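What follows is one structure encoded as structure tokens, with my remarks underneath.
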Amino acid sequence: MTAVAVIVTVLLAVAGVLTLTRIVRGPSVLDRAVATDVLLAIVVAAVATEAAYSRDATALPILVVLAILGFVGSVSVARFASRRNDR
């Protein structure tokens with residue numbers, strides 16, 4: 001079980017670094033917004049993985065708040081982009 005935890009941690013860390021690279025180098029605002037949403041999903045996956053590994057359910061409210069934050073952020077960026085393209 002420890003080997004699986006190490007592998008998952010390494011994969012999530014690599015995904016986070018690649019996503020941060022896209023946030024920094026993204027050619028447009030929409031690329032950066034999508035990368036930020038992906039980074040939030042990676043954080044949710046990391047918190048969920050830690051909660052499952054430690055068998056502790058106290059992180060569930062944090063997961064719900066992060067998921068709602070990601071949804072609201074994505075919808076807000078999509079509405080902003082659609083209004084900007086209309087002009």
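What you see is a predicted model; the values in this text were computed from it and never measured.
- Evaluation of the side-chain contact (heavy atoms from CB on, under 4.5 Å) rule for Ile7 yields Leu11 as partners, not counting sequence neighbours.
- Using a 4.5 Å cut-off between side-chain heavy atoms of Ile, Leu, Val, Met, Phe, Trp and Tyr, with links allowed through other members, Val47 and Val65 fall into different hydrophobic clusters.
- Scanning for side-chain contact (heavy atoms from CB on, under 4.5 Å) contacts around Tyr53 gives Met1, Thr2, Ala5, with sequence neighbours left out.
- Closest approach of Val44 to Leu63, counting heavy atoms only: O-CD2, 3.4 Å.
- Under a hydrophobic clustering in which Ile, Leu, Val, Met, Phe, Trp and Tyr are joined whenever their side-chain heavy atoms come within less than 4.5 Å, directly or via other members, Val43 and Ile62 fall into the same cluster.
- Considering all non-hydrogen atoms of both residues, Asp37 and Gly70 come closest at OD1-O, 3.7 Å.
- Heavy-atom minimum distance, Arg22 versus Arg32: O-CG, 4.5 Å.
- Atom CG of Leu12 and atom OG1 of Thr49 lie 5.5 Å apart (nearest 0.5 Å).
- Leu18 is connected to Val10 through a chain of hydrophobic side-chain contacts under 4.5 Å among Ile, Leu, Val, Met, Phe, Trp and Tyr, so both are in one cluster.
- Transitive grouping of hydrophobic side chains (ILVMFWY, heavy atoms separated by less than 4.5 Å) brings Val64 and Val75 into a common cluster.
- The shortest side-chain heavy-atom distance between Ser74 and Arg79 does not fall under the 4.5 Å cut-off.
- Heavy-atom minimum distance, Leu30 versus Val77: CD2-CG1, 3.9 Å.
- Heavy-atom minimum distance, Gly16 versus Ile42: N-CD1, 3.9 Å.
- Taking all atoms of both residues into account, the shortest heavy-atom contact from Ala35 to Ile23 is CB-CG1, 3.4 Å.
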